[in-house]
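Below is one structure; the comments refer to it alone.
Below, chains carry the letters A, B, ... as their sequence lines are ordered, and counting in each starts from 1. The figures here come from the full heavy-atom set of this structure, side chains too, leaving out hydrogens, waters and symmetry mates.
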Amino acid sequence: MNLASIDSAATRGESWLHKAAPWAKLSAFALVLAAVIVNWNLLVLAAIGLLLAAVVASSRAPAGLAFSLALYPAIFAAIFAVSAAPDVITGAVIILKAVVAALAAVTMMLTTPYPQVFAPLQRLVPAIVGDALLMTYRSTFLLLGKFANLMTAMRLRAGVTAGRPLRTARSTARALAGTLLYSIDLAQRDHDIMRLRGYESRLRVTAVRSASVPVDVALVAVAAGVAAASTASRVWAETLNPYTWIAPAVGALLLVAVITIGRKSR
Amino acid sequence: MSHIHIPDGVLPVWLWVLGWVAAMALVGIASRFAIAEDHRRKVPLLGVIAALMLVAMSSEIIPIAYHVNLTVLGGVLLGPVLAPIAAFVVVTALALVGHGGVTVIGLNTVVIAAEMLIGWALFRTITRALGRRRASIAAFAATVPTLALTTLLLVGIVWLGGGKELTARETGALDPADMRFENPLGDGVFVAKLFAGDEHAHDHGAGGHEHDAAEEPCTDTHAGGCGEACEDEAAATLSVGRFAAVVFTLGPIGWLLEGLIIAAIIGFVARVRPSLVFEGALAENRAAIPGDETGAHR
């Protein structure tokens, strides 16, 4: 999982979705997640997935990264589905729920910098938890860099080789231990810097202003529509089930249209 | 393996809401204790240990759907007060990149926090019994039973929420016995009834009782019975037994791997910086900057 690439996509992108207000994206994410939670129809879930794919395409977020991240939970969901689902269809629904919910989360994270996602959370959780979320975000990239450098050094000194798994495991554990020692020193240095800069009890995140309020409202309205449609298809399933094939068909058309328009505009 | 990779919308609402309530209570209590003393020092420490766990948890070993957690290591370094906060931070950050559902953040926090607390307690106890020179053995001996216990907790959570029957309404349009695709714009343009959609109302003979699987979940108390259909629907539940069998078959491989890795890390750190392992990360470098010995600026 390339956390650095996620951060890069979120901070460097300039699409309509990158410019939308974080509150709008968080609200839309919550509504789409609700749509995934309430529904057990494979076709409706596929339609939501296609809609999200269209959003990814229109936002010019790295599609390969988005879909590889969204497919990652499918591995774990498949274990649960194979072991617990009563039939193939239910198993497929469980896997699709995992993939579509992950795609919604990843779409938000690829278009919104982490601190902007954590800022609303900071108001809900105790100060130490909110600050720890932000410090974790910062430290993750430092540790990833350090760990990668250590592994490169070990590989150059033949400490990590495919033919010697035991030696490789021992080297990897030592690299992790080295990273741990580095991380403790890093924490001490952060502490000293925070003390010097007068940190008392809360790190502040500056809120990003919306580029266009109508776009924010439209984003939330579409997400609310998806949640309402998903709920309706569950509540009136007996009547609507024969027509749910329309949803993925519309989603597929939308995706093709977005991709075509995107190619022409380049 | 021990934290929940169950997607959003599979566990019942009451269960994941209860998980959120329990997690918030746990994190709230831990925060109260944590801010009582040396608050500024704990924030960066929490950040780096949570980041280390995050880096470990986001690297999967695909063939057995397993990844290293480093939770026991985190518990040993952070101690019981900071462990629940680190658990919440890690689980939230992972859920935001699609690793574990958002709704199960609460339940995952409880499981991970339990793992860190049990690991910490077992490591302390075993180290006291074996002595400091056998730190890596103590780490291995603490990690394996901790992971076994939290996997049991995971199965317990699935058992609490997974036994619910899935109704015909839930399985939706793609029940092979009832697969129909119809045109909403008018009769007769096209109606494709795959798998003989009209015949899904089964006639069960004797009393001529028709049980429509798509219309109602079977609660069979009807005279004459609807044996076969009811058996099919009774089977339409999440199989907790099968899930437990799979988890407890794959789990031990992961427990051993994690145990060996944590033993190697703790063994190494115990040699080069023992106070970190035996007294916790907060015991390190207690020296204060001259003029700031009292802590926060007031």
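- In this structure, the portion of B:Ala95 lying under 4.5 Å from any heavy atom of chain A is its backbone and not its side chain.
- Remark: B:Ser31 pairs with no residue by the side-chain hydrogen bond (donor to acceptor under 3.5 Å, both in side chains) rule, at least two apart or across chains.
- Interface remark: A:Ala132 contributes backbone and side-chain atoms alike to the contact with chain B (heavy atom separation under 4.5 Å).
- A donor-acceptor contact shorter than 3.5 Å is absent between the side chain of B:Lys42 and the backbone of B:Leu82.
- In this view, B:Phe268 satisfies the ring-ring contact (aromatic ring centres under 6.0 Å, His included) rule with no residue, not counting sequence neighbours.
- Heavy atoms closer than 4.5 Å to chain B are found nowhere in A:Tyr182, neither backbone nor side chain.
- For the set B:Ile49, B:Leu52, B:Leu96, the count of heavy-atom pairs under 4.5 angstrom toward chain A peaks at B:Leu96.
- Checked by atom type and distance alone, the side chain of A:Ser230 pairs as donor or acceptor with a backbone atom of A:Ala35 at under 3.5 Å.
- Interface check for chain A: of the options B:Val13, B:Val90, B:Ile266, B:Val89, the most heavy-atom pairs under 4.5 Å are formed by B:Val89.
- Of the residues considered (A:Leu240, A:Val100, A:Leu176), A:Leu176 shows the highest number of contacts with chain B, using heavy-atom pairs under 4.5 Å.
- Each of A:Val88, A:Leu33, A:Leu103, A:Leu186 has some count of heavy-atom pairs under 4.5 Å with chain B, and the biggest count is that of A:Leu33.
- Neither the backbone nor the side chain of B:Leu260 comes within contact range of chain A, judged by heavy atoms closer than 4.5 Å.
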Inset, instruction - Go through B:Asp8 and A:Lys97 one step at a time and tell me if the side-chain contact (heavy atoms from CB on, under 4.5 Å) criterion holds. - result: CA-CA 7 Å; B:Asp8 291 309; A:Lys97 269 176 180 268; over 6 Å; no
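- When each of A:Thr179, A:Leu143, A:Val36 is scored by its heavy-atom pairs under 4.5 Å with chain B, the top score falls to A:Leu143.
- Only the side chain of B:Val272 comes within contact range of chain A, judged by heavy atoms closer than 4.5 Å.
- Minimum interatomic distance between B:Ile261 and A:Ala173 (heavy atoms only, all atoms of both residues): O-CB, 4.4 Å.
- By number of non-hydrogen pairs under 4.5 angstrom with chain B, the leading residue of A:Ala175, A:Ala70, A:Ser139 is A:Ser139.
- Of the two parts of A:Tyr137, neither the backbone nor the side chain holds a non-hydrogen atom closer than 4.5 Å to a non-hydrogen atom of chain B.
- When atom types are taken as modelled, the side chain of A:Arg234 and the backbone of A:Asn39 share no donor-acceptor pair closer than 3.5 angstrom.
- Of all the listed residues (A:Val106, A:Val99, A:Val117, A:Leu133), the one sharing the greatest number of non-hydrogen pairs under 4.5 Å with chain B is A:Leu133.
- Per-residue heavy-atom pair counts under 4.5 Å with chain B were compared for A:Gly178, A:Ala81, A:Ala177, and the maximum is reached by A:Ala177.
- Residues B:Leu70 and B:Ile265 form a side-chain contact, since some pair of their non-hydrogen atoms from C-beta on lies under 4.5 Å apart.
- Counting heavy atoms from C-beta on, the side chains of A:Met151 and A:Lys146 never come closer than 4.5 Å.
- For B:Ile262, no part lies under 4.5 angstrom from a heavy atom of chain A.
- Checked for salt-bridge contact, B:Arg273 and A:Asp185 meet the test: a charged N lies under 4.0 Å from a carboxylate O.
- When heavy atoms are compared at a cutoff of 4.5 Å, B:Ile85 approaches chain A solely by way of its side chain, counted from C-beta outward.
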